[in-house]
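The structure under discussion appears below in the form of structure tokens.
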Amino acid sequence: MTSPQGFVSRAEIARLAQVKRPAVSNWERRHTDYPRPRLVEGEELFVVESVLEWLDQRKIASNALLPDERPGATFGERFRRNLTGPAAQMPQARPAAKRESPPTPDLWRALDRLRGTYDIIRYRDLVLSLIYARARDRDGRSSAPTGSRSDAKALDISIVHKIRTGDTLPPVAFKVDAKIPADLVEFADAAVRDLGGARAFRTLLDRFATLEGKRGGEFYTPPAVVRVLVDALAAEAPGEIYDPCCGSGEILLATALQAPGLTVHGDVLNAEALVLAKMNMTLHGIDARLGQQSIDVLSRAARPSSNYSYIIANPPFGIRNWSQEDPALNLSWHYGPPPRGKADFAWLQFVLERLAPGGRAAVVMPAGAAFRGGRERAIRQAMVADGCIESVLALPPTLFYSTSIGATIWVLRRSPNPQQELLLVDATGLGRLSQGARRKLSEEDHGAIRDVLADWRAGVIPAHEVLPTAVVTAEELSRSDYDLTPSKHATTKAVVRTHDARQGVETLLRELDRLHKQTVQADVVVDQLIGRAQILEFPTGELPPGWREVSLAGISELTAGPFTRASEDGSVGVVKPRNLKSGRISGAFDRIDVDTAGKLASYRLSEGDIVCTRTGVIGRHALVTSAHQGWVCGTGLIRIRPGEGVDPKYLSDYLNSPSVLDWLTRNSAGSVLPSINLRVLGTLPVVLPPAEARRTIGRALQALNDKITVHEQIARTTVALRDALFPLLTSGKVIPPE
């Protein structure tokens, strides 16, 4: 699998920083501020910008400097140089071709062939044990020369013996057959050889869960759900994290990889899952304290002996008769006894009891937990009154193996000053269906969810154009019988919120009428400025009299942004690549203190500056307005300061032209991700017309942009009108004319 744009693996970090691979693991283990990896399509990768920021702080020891490096040089300088230099083109820049291929089709074909020979589901535990044993066997085939089939079989004997005797496995609950099919041994060996032990184990867990369907969902949570859970929890080290029903350990694993330094605890509900979880954690190098408990733990009256900073869980749905007696006979329930026929609110209260003060939890719940009546409604009311619910997020359908219906994620908290408002997020419209009728979430989908939750925790009321949200109070929820279903409350910014459906429709119709009038005006302006324009003929390569072609460096000052470390009490904003959206500066910003900003005076922004990316998606840029005057240009960006007599708006429009974007693509370098340095960017040819022509060009482009904007507004408003009309049309309250 090729690293997505903007991400690097540990091996790539070592190559680009020109250090040995163990050095990267040492950095990650010893330094708490080292960037945290993310699980991207099942692989642990690091954001390039974060790695650069960290490496910019680390000076290279004098005895490790390369001949062309000055004393005091940093690993960040070396890393950045290699993104665009010869190292980026070296043959070893990426893993071998087999490791690069998308979701390992050869592996799946081999597995499918085995399904025709064996009941492969019955061999799930054996195959995973073989994967684990092969990966842990230091003297196995990975260090042996390739030989004949008989040689390979001989090499496998020790591995099979170790599985039977438990020499390399955690305490084994699996029953290993007396005869282990050679095909399974060869399959496991190929998987470890092609993918590596940790990735092969994780990938096959997902594949087996897919094949097993509903039963697979009992021990494994799909990667998309895991990622949303981890983002919703937003755990930070140091601290202790706990999963009371951790299945194969995939949720704890993802959290530990996202926040290195956490102390990991988990319990499973059966011995089989305990073995899977221990193998999964061990292969990924995570020291986890795992144990086993029964479902009876939910009905115990005893207070927990441990409290955790973070709890994350995907409890099993639909457990009936989870308590041997009516839970109402147990007076220890803080928010009220759950029904005996559903364990959902027993799990939620179990989690809250084990949260440390100030702690946070993210728990998967069935959609019905948000609206069912009876005892569950009473518990919801008590939880809302106590302020322990931070947010409820509705997930799209068909994400899980065990059910096609949607689920929710409840984010809980233990705070001495609980808020009396909670956030509802309707993410049911995100994602797209893939093969096997499973839904996948894109990077943009995950980013939207992460941004909305981060805004809410930062004290900003979220308002997302794609992701409907609502901030509700206890009083508002009391009017809806404490129904926490996000779709009942949440809206996008484009939807008019009104208690009168007819008034809402009429408002949207008036807005459409206004926008159509704007369209007519925009059409007139475009026709005047462009439709009647003269097309002049000049010899190829020549410009009109008074026009000239110059280099970008010849008409502006180019400065690369420095490394900055965000401060909790900072007051000066820092613009970073993630803040450049659709030609504007927006989003969640880092901030630094005034003293630090004073030391970075040469990197401050002024109105009329242009900031553009130098790594990742080349060509993204934004014009600095008065709103960001005095802010700092952050790492990963280049500040372009137009010279005297150069119109910043014209230059910004010019940088957005297709020809310039094509030039940037052709002149960027780097095999890991596109990158462009100051020297190369400075050679960008810029066509500079006379001042009056620049103003005319600006008016024409602005007219076209205005037309694009009004049509986008018409599209959004029309979608809102359709959504507002749909329930009226289907209820018979609105009857269109025939």
message: If you apply the rule salt bridge (Lys or Arg N to Asp or Glu O under 4.0 Å), what do you find for Arg375 with Asp326, and how did you get there?
response: CA-CA 12 Å; Arg375 292 183 182 181; Asp326 187 346; 3.0 Å; yes

- request: Test Glu28 against Arg10 for side-chain contact (heavy atoms from CB on, under 4.5 Å), laying out the working first.
  value: CA-CA 10 Å; Glu28 190 175 3; Arg10 293 177 177 87; 2.9 Å; yes

task: Under the salt bridge (Lys or Arg N to Asp or Glu O under 4.0 Å) rule, what do Glu443 and Arg227 come out as? Steps first, then yes or no, please.
output: CA-CA 11 Å; Glu443 284 296 316; Arg227 187 169 174 186; 2.8 Å; yes

message: Show, in sequence, the C-alpha distance, side-chain angles and deciding distance for Leu45 and Ser9, and conclude whether the side-chain contact (heavy atoms from CB on, under 4.5 Å) test is met.
response: CA-CA 5 Å; Leu45 301 175; Ser9 66; 3.9 Å; yes

- prompt: Which is it for Glu376 and Arg380 under the salt bridge (Lys or Arg N to Asp or Glu O under 4.0 Å) test, yes or no, and what are the steps along the way?
  reply: CA-CA 6 Å; Glu376 293 179 315; Arg380 283 198 307 274; 5.5 Å; no

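Side-chain contact between Trp456 and Glu390: present, with at least one pair of heavy atoms (C-beta onward) separated by less than 4.5 Å. Residues Asp243 and Thr255 are not in side-chain contact: their nearest non-hydrogen atoms beyond the backbone lie 4.5 Å or more apart. Residues Asn314 and Val225 are not in side-chain contact: their nearest non-hydrogen atoms beyond the backbone lie 4.5 Å or more apart. With a 4.5 Å cut-off on side-chain heavy atoms, Val264 and Asp287 do not count as touching. Contact check for Leu424 versus Lys488: no side-chain heavy atoms found under the 4.5 Å cut-off. Residues Leu453 and Leu423 are in side-chain contact: their nearest non-hydrogen atoms beyond the backbone lie under 4.5 Å apart. The shortest distance between side-chain heavy atoms of Ile241 and Tyr308 does not fall below 4.5 Å. Val228 places a side-chain heavy atom less than 4.5 Å from the side chain of His446.
Looking at Ser299, its side chain does come within 3.5 Å of a backbone N or O of Asp296 through a donor-acceptor pair. A donor-acceptor distance shorter than 3.5 angstrom exists from the side chain of Gln293 to the backbone of Pro244, with no hydrogens or angles considered. In terms of modelled atom types and a separation under 3.5 Å, the side chain of Asp451 and the main chain of Ala448 share no donor-acceptor contact. Checking side-chain atoms of His489 against main-chain N and O of Asp483 turns up a donor-acceptor pair under 3.5 Å. The closest donor-acceptor contact from the side chain of Tyr310 to the backbone of Glu236 lies under 3.5 Å.
A distance of 5.5 Å separates CG of Leu484 from CG of Leu477, quoted to the nearest 0.5 Å. To the nearest 0.5 Å, atom CG of residue Leu467 and atom CG of residue Leu393 are 7.5 Å apart. Note that CG of Asn307 is 10.0 Å distant from CD of Glu353, once rounded to the nearest 0.5 Å. To the nearest 0.5 Å, atom OG of residue Ser248 and atom CE of residue Met279 are 9.0 Å apart. Distance check: Ile312 CD1 to Tyr242 OH gives 13.5 Å after rounding to the nearest 0.5 Å.
In terms of heavy-atom proximity, Ala232 sits nearest to Val411 at CB-CG2, 4.0 Å.
Each of Tyr335, Trp410, Trp333, Phe350 was compared with Phe345 under the ring pair (Phe, Tyr, Trp, His ring centres under 6.0 Å) criterion, and only Trp410 meets it.
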